[in-house]
2 protein chains.
Amino acid sequence: MAARSPRGFGQYSGIARALERVGERWALLVLRDLLVGPRRYSDLKAALPRIPTNILSDRLRELQEAGLVRRVPIVRGGYELTPLGRELEPVVLALERWGWSVLGDPGDAEAMSHEALAMALRSAFRPDAAAALPPTEYVLHVGRASVAAVVDGPVLEVVPIGPDAVPQPRPTTPADAATATVEFALAPSALRDLVAGRADAAGVPVLAGDADGVARFARTFRIETVDPPSAGAAGDAAVA
Amino acid sequence: MAARSPRGFGQYSGIARALERVGERWALLVLRDLLVGPRRYSDLKAALPRIPTNILSDRLRELQEAGLVRRVPIVRGGYELTPLGRELEPVVLALERWGWSVLGDPGDAEAMSHEALAMALRSAFRPDAAAALPPTEYVLHVGRASVAAVVDGPVLEVVPIGPDAVPQPRPTTPADAATATVEFALAPSALRDLVAGRADAAGVPVLAGDADGVARFARTFRIETVDPPSAGAAGDAAVA
DNA sequence: CGGGATCCCAAGCGATACTG
DNA sequence: CAGTATCGCTTGGGATCCCG
């Protein structure tokens with residue numbers, strides 16, 4: 001169908017087909033947000049402040065035509081992933097993990113949305129490490145975004161909290177009795193250093209719960225990063 | 001650096017950063033080809049017939065500035081991945097796997113390059129299944145592309161063969177004595193059906209080697225696909 | 001001859017204004 | 001609130017041309 005179209009890549013290949021569906025600008029960011037849960041048009045726009053409204057509209061239509069997204073019947077302006085769309089989670093997680101190697105520091109007008117934070121935690125989650133630790137609910141505040149990450153054995157559930165965020169079924173086990181809770185706040189770059197293993201858990205102010213819950217967090221959520229070449233070789237490496 | 005640039009996404013997020021580096025059109029296809037091995041400019045252009053030469057040139061420069069690609073010192077026009085670039089393999093494999101759910105049939109002018117075939121096999125490889133099978137060298141001919149896939153326990157090595165393909169170190173173990181060889185040819189869509197588990201290994205003509213080597217191949221290389229929704233709901237789903 | 005750079009046109013993107 | 005319409009600008013596509 002989209003085989004020989006002018007915008008196709010003219011190649012019979014899985015990646016080429018995938019990029020024909022989700023390779024356009026903003027598409028994977030919209031899909032990432034929908035991976036966190038169903039969202040309304042205005043939610044998506046709020047989570048992606050710089051997306052032009054016509055582009056959001058175009059992408060949602062294209063993703064529906066491609067069978068990755070469908071409308072939520074009852075909610076006006078509501079969208080959710082189809083099973084095919086949900087299968088993109090490994091792609092999004094892989095991109096998220098790789099991106100941490102080139103994250104740098106937040107720019108002036110750059111913020112972290114609830115959804116970005118939620119998917120970052122999902123991509124950093126280490127089931128093996130978590131299985132050896134007691135069940136814990138981590139409540140994180142990063143910039144203006146807050147999420148609750150409930151870890152029970154090798155299972156993680158992340159729920160955005162706060163005034164925004166579409167109503168969503170609360171985590172399956174509201175409080176497993178034995179579930180400890182730790183709450184703390186970090187700057188975005190501090191979260192990066194903690195998850196990348198470049199900073200220690202000490203120095204993170206704990207708002208509530210066990211003080212070494214942050215160390216447990218750092219063992220549970222970890223992304224292995226690679227240092228980019230330090231602009232030594234060829235190329236001028238845009239220093240600005 | 002590329003934080004608040006006009007083309008950035010204005011979000012502090014791993015995926016956003018990743019897409020700022022490799023989200024432009026053609027970039028991930030170039031990277032896929034370089035994941036197979038070092039390539040010269042003309043190799044890349046031959047493997048991606050529809051890429052305009054200026055775009056290939058632009059992408060290679062951008063990828064160098066981003067530290068994902070560097071020039072091969074000796075070879076004129078040679079390019080290879082940096083360690084950071086090689087870390088994109090999980091992304092490419094995840095996209096490749098997902099793409100098989102929407103592969104469809106090859107369009108009129110669509111071909112499969114050596115590199116596309118090689119990465120398809122890498123993405124479909126099942127180390128667990130392979131470990132239980134005897135070491136085997138599969139020689140595949142799909143369309144005009146040919147590769148040798150050497151499987152030894154849970155380890156796979158894929159090497160493009162034929163008149164093209166940059167000289168590359170031959171697979172580590174040229175012939176492990178006990179390594180069986182199977183050679184067969186398929187149409188692109190037949191490979192898709194075989195790897196997706198929609199076709200049986202019977203009916204594939206074996207050119208050389210054990211006749212049920214194809215069945216072994218089908219157990220070793222497998223991609224789980226999801227059926228796209230059948231254009232029943234909303235959207236017109238481009239039928240052409 | 002292989003490895004790119006330049007040109008022009010079409011299509012996609014971004015910002016804003018506007019409508020059901 | 002959930003989009004559509006419009007317009008100027010940026011990118012990509014295709015052919016050609018230049019350089020070592």
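Hydrogens, waters and symmetry mates are skipped; everything else that's a heavy atom, side chains included, is used. Below, chain A is the first sequence line, B the second, and so on; all start at residue 1.
- Here A/Ala199 pairs with A/Asp193 under the side-chain contact (heavy atoms from CB on, under 4.5 Å) rule; sequence neighbours left out.
- For B/Trp100, the ring-ring contact (aromatic ring centres under 6.0 Å, His included) criterion is met by no residue, not counting sequence neighbours.
- Judged as a salt bridge (charged side-chain N to carboxylate O under 4.0 Å, His left out), and not counting sequence neighbours, B/Arg144 has no contacts.
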With sugar-phosphate taken as primed atoms, P, OP1 and OP2 and all else as base, the protein-contact string of nucleotides 3-8 of chain D at under 4.0 Å (heavy atoms; B, S, -) is BBBB--
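- Computed from coordinates, the A/Arg50 CZ to C/dG14 C1' distance equals 10 Å when rounded to whole Å.
- The pair A/Glu115-A/Arg39 counts as a salt bridge, with a side-chain nitrogen and a carboxylate oxygen less than 4.0 angstrom apart.
- The side chain of A/Ser42 contributes an N or O atom lying less than 4.0 Å from OP1 or OP2 of D/dA2.
- Proximity of residues 27-34 of chain B to DNA chain C (heavy atom under 4.0 angstrom from any strand atom) is not detected for any residue.
- Considering only residues two or more places apart in sequence or on other chains, B/Thr181 meets the side-chain contact (heavy atoms from CB on, under 4.5 Å) condition with B/Glu137, B/Val139.
- Looking at residues two or more places apart in sequence or on another chain, you find no salt bridge (charged side-chain N to carboxylate O under 4.0 Å, His left out) involving B/Glu87.
- For DNA chain C, runs of at least 3 consecutive pairs of the Watson-Crick or G-U wobble type, with both hydrogen-bonding distances under 3.5 angstrom, map to C:1-19 with D:2-20.
- Partners of B/Arg76 according to the salt bridge (charged side-chain N to carboxylate O under 4.0 Å, His left out) rule, which considers only residues two or more places apart in sequence or in another chain, do not exist here.
- Spacing between atom CZ of A/Arg59 and atom P of C/dC13 amounts to 4 Å, rounded to whole angstrom units.
- Evaluation of the side-chain contact (heavy atoms from CB on, under 4.5 Å) rule for B/Thr53 yields B/Tyr41, B/Lys45 as partners, not counting sequence neighbours.
- The distance from atom CD1 of A/Ile51 to atom P of C/dC13 is 10 Å, rounded to the nearest whole Å.
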Can I get a per-line list of side-chain donor-acceptor pairs under 3.5 Å for residues 30-38 of chain B, giving both atom names and the distance, sequence neighbours left out?
residue	atom	partner	partner atom	Å
B/Arg32	NH1	A/Gln11	OE1	3.0
B/Arg32	NH1	A/Ser13	OG	2.9
B/Arg32	NH2	A/Gln11	OE1	2.4

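- Note: CG (B/Asp43) to P (C/dC1) measures 18 Å, nearest angstrom.
- Distance CG (B/Leu56) to C1' (C/dG2): 13 Å, rounded to an integer number of Å.
- Every salt bridge (charged side-chain N to carboxylate O under 4.0 Å, His left out) that A/Glu224 has, sequence neighbours left out, goes to A/Arg126.
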